[in-house]
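Values reported hereafter were calculated over all heavy atoms of this structure, with side chains retained and with hydrogens, waters and symmetry mates removed.
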Amino acid sequence: MKRKAGQDRSITANWRPATLAVRGGTARSEYGETSEALFLTSGYTYDKAADAAARFAGEQEGMTYSRLQNPTVEMLEQRIALLEGAEACRTMATGMAAMTAALLCQLQAGDHLVGGRAAFGSCRWLTDTLLPKFGIATTVVDARDPQAFLDAVRPETKVFFFETPANPTMDVVDLRAVCGIARERGITTVVDNAFATPALQRPMEFGADVTAYSATKMMDGQGRVLAGAVCGSQDFIDNTLLPFTRNTGPTLSPFNAWVVLKGLETLDLRIRRQSESAVAVGRFLEARVPRILHPGLASHPQHDLAMRQMSAAGPIFAFEVADRAQAHGLLDALALIDISNNIGDSRSLMTHPASTTHSGVAEDKRIEMGIGEGMLRLNVGLEDPQDLIDDLDQALRQVGL
C-alpha cells in the first residue's frame, strides 16, 4: 500500500469492509512504518509566521493544535467514516461526549427533540435533564412504534434520537420507517449504534443522518480505553459539529485513538464470533429463565426486523429473573463471567442495570423503559461458549433456576 492510499477515497471506495478495517485511513510517515504512527504532541510548528496565519485562516492544509487535529486521531476518524459509509467522522474522549456533542451542536432554546425511551441511563439523563435546562423540550416515546415518533412531532422538532438495539432492553427501532418520517419533515436523526457497530449495522443505509458511538465498546473491544465518535455528512461534521467541539474540547487522546485503530483491525472477527456465541448462550438460557430479550432468537418480538437491519445480533442481550435478590445472587454465584457494567469487551461481563448503569434513572422511568429489578444484561465474550454455559448453569442452580 502506498503512503497515502488509505486516505484516498478514490482508492478506498474499491475496498471491502474487512480491508477498510485494517487499512482504511492509514497515512504512513516518511519512515514507512507498517503500524500506524502514534503522534504524542499537543501542538505543531511552522516554518514561517505566514504559514501559521494561513493555517488558522483555513487557507493552508496542516495541523494547528491537537484539540482540533492530530495525525493519529485523523487516521481513526477516516477509518470509522469508511466503515460507516459516511462522508466524515469526528472522534471524542468518550461515548457520552459523542452523544452530548451530536445533540448540543445542533439544538438551541426553543427546539424540540423526540427520543427513544429505552436508552442507556446517561442518554436518558441528556434527554430528561440536561436538554430541558437549556430550554430544549423533549418527548420520550416507545421507539419500537414509528407512529409514536410521528405523533410526537411538533413544528419546532429538530432531532430524533434513539438506540437500536437499545440498552439494555434490546428494543429494535425500524430504521427505515423512523428515518423516513424524519427525512420527510426535515428532522435530523441521530442513531446510537454502539451495540451493533458498522460491522453489523449501518444506519445511514436506512436513511439516518448521524450515527454516534461509544467506541469504548466493540470498536476497542478489549476493555482498554475510552473513546467516542460521531459520523455524518461533511457539511454536518465541518459546519455543525466542529464549531462545537473546537470550542468545548471533548478531544480524544492520540494514544486512545491508536488503541482503537488496533481494535478495529479485528472488529469484524470478534463481533461475529461473539454474536455466534451469544446465540448459543441465549438458547441455553431460554429454557432456564422466565424471560429473555435476545434479538438473535426467534422468541424476540422484533427478531425479523432485527435480522433485516443487522447482519448478526451482536454479543449483548438481557434476561430476567424473579427480582433483585435473585439477580444479585446469580451474579455472586458466577465463577467465570465477571460482574461489570461495561459491554463490548472480549471478556464475558454481566451486570444488574437497575442498580448500576440505570441506577440514576428514577424508578418510574426505569419501569416505563422496561427495566425491572430482575433484569440482567450479559455481554458474551470470546471464551468458549460451553464454558460460559457451564458457569451460568451452576449459578442458575444456586439460585433455584
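- Judged purely by distance below 3.5 Å, without hydrogens or angles, the side chains of Thr19 and Arg23 never pair a donor atom with an acceptor atom.
- Between the side chains of Tyr44 and Gln69, no donor-acceptor pair is found at a separation under 3.5 Å.
- Between the OG1 atom in Thr188 and the CG atom in Asp209 there is a gap of 5.0 Å [rounded to 0.5 Å].
- Look at Asp8 and Lys4 and you find no salt bridge, because none of the NZ, NE, NH1 or NH2 atoms lies under 4.0 Å from a carboxylate O.
- Glu87 and Ser233 form no side-chain donor-acceptor contact under 3.5 Å, judged by distance and modelled atom types alone.
- Here the straight-line distance linking atom OG1 of Thr356 with atom CD1 of Ile339 works out to 10.5 Å at 0.5 Å rounding.
- In this structure, the salt bridge (Lys or Arg N to Asp or Glu O under 4.0 Å) partners of Glu36, at least two apart in sequence or on a different chain, are Arg79, Lys262.
- At least one donor-acceptor pair under 3.5 Å links the side chain of Thr138 to the backbone N or O of Thr127.
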Apply side-chain contact (heavy atoms from CB on, under 4.5 Å) to Arg176 and Gln309, showing your working. CA-CA 9 Å; Arg176 196 175 301 281; Gln309 296 180 169; 5.8 Å; no
Test log, rule side-chain hydrogen bond (donor to acceptor under 3.5 Å, both in side chains), inputs Thr26 and Gln7: CA-CA 6 Å; Thr26 299; Gln7 295 191 349; over 6 Å; no
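- In this structure, a donor-acceptor pair under 3.5 Å is absent between the side chains of Ser42 and Arg67.
- Surrounding CZ of Arg9 are more than 12 heavy atoms belonging to other residues, nucleotides or ligands, all under 6.0 Å away.
- At a cut-off of 3.5 Å, with distance as the only test, no side-chain donor of Asn342 or Ser340 sits close to an acceptor on the other residue.
- Partners of Arg55 according to the side chain to side chain contact (heavy atoms under 4.5 Å, CB included) rule, which considers only residues two or more places apart in sequence or in another chain, are Tyr46, Gln60, Thr64.
- Closest approach of Ala119 and Met369 over heavy atoms only: O-CE, 3.1 Å.
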Test side-chain contact (heavy atoms from CB on, under 4.5 Å) on Leu267 and Met218; report intermediate values, then the result. CA-CA 7 Å; Leu267 170 62; Met218 291 302 303; 3.9 Å; yes
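- Taking the charged nitrogens against the carboxylate oxygens, Asp393 and Arg397 do have a contact shorter than 4.0 Å, which makes a salt bridge.
- There is a side-chain donor-acceptor pair under 3.5 Å between Gln386 and Asp390.
- In this model, no donor atom of one side chain and acceptor atom of the other lie less than 3.5 Å apart for Gln222 and Asp345.
- In this structure, His358 contributes its side chain and Gly121 its backbone to a donor-acceptor pair below 3.5 Å.
- For the residue pair Glu286/Ser299, the side-chain donor-acceptor check at 3.5 Å is satisfied.
- Of the N and O atoms on the side chains of Glu383 and Ser348, at least one donor lies less than 3.5 Å from an acceptor on the other residue.
- With contacts defined as side-chain heavy-atom distances shorter than 4.5 Å, the pair Asn256/Thr91 does not qualify.
- A salt bridge is absent between Asp338 and Arg347; no separation between the charged side-chain nitrogens and carboxylate oxygens falls under 4.0 Å.
- His112 meets the ring pair (Phe, Tyr, Trp, His ring centres under 6.0 Å) test with no other residue; sequence neighbours excluded.
- By the salt bridge (Lys or Arg N to Asp or Glu O under 4.0 Å) test, Arg185 is found to be paired with no residue, residues two or more places apart in sequence or in another chain being considered.
- Ion pair Glu363/Arg366 not flagged as a salt bridge, since none of the NZ, NE, NH1 or NH2 atoms sits closer than 4.0 Å to an Asp/Glu carboxylate oxygen.
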So Phe236 and Gln106, side-chain contact (heavy atoms from CB on, under 4.5 Å) or not? Walk me through it. CA-CA 9 Å; Phe236 175 84; Gln106 58 180 315; 4.0 Å; yes
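- Partners of Phe162 according to the ring pair (Phe, Tyr, Trp, His ring centres under 6.0 Å) rule, which considers only residues two or more places apart in sequence or in another chain, are Phe149.
- Neither side chain, Gln201 nor Thr197, offers a donor N or O lying under 3.5 Å from an acceptor on the other.
- Partner of Arg246 under the side chain to side chain contact (heavy atoms under 4.5 Å, CB included) criterion, out of Thr251, Leu241, Leu68: Leu68 alone.
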List the steps, then state whether side-chain hydrogen bond (donor to acceptor under 3.5 Å, both in side chains) holds for Ser311 with Arg272. CA-CA 9 Å; Ser311 59; Arg272 294 190 185 281; 3.2 Å; yes
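- Evaluation of the salt bridge (Lys or Arg N to Asp or Glu O under 4.0 Å) rule for Arg117 yields Asp142 as partners, not counting sequence neighbours.
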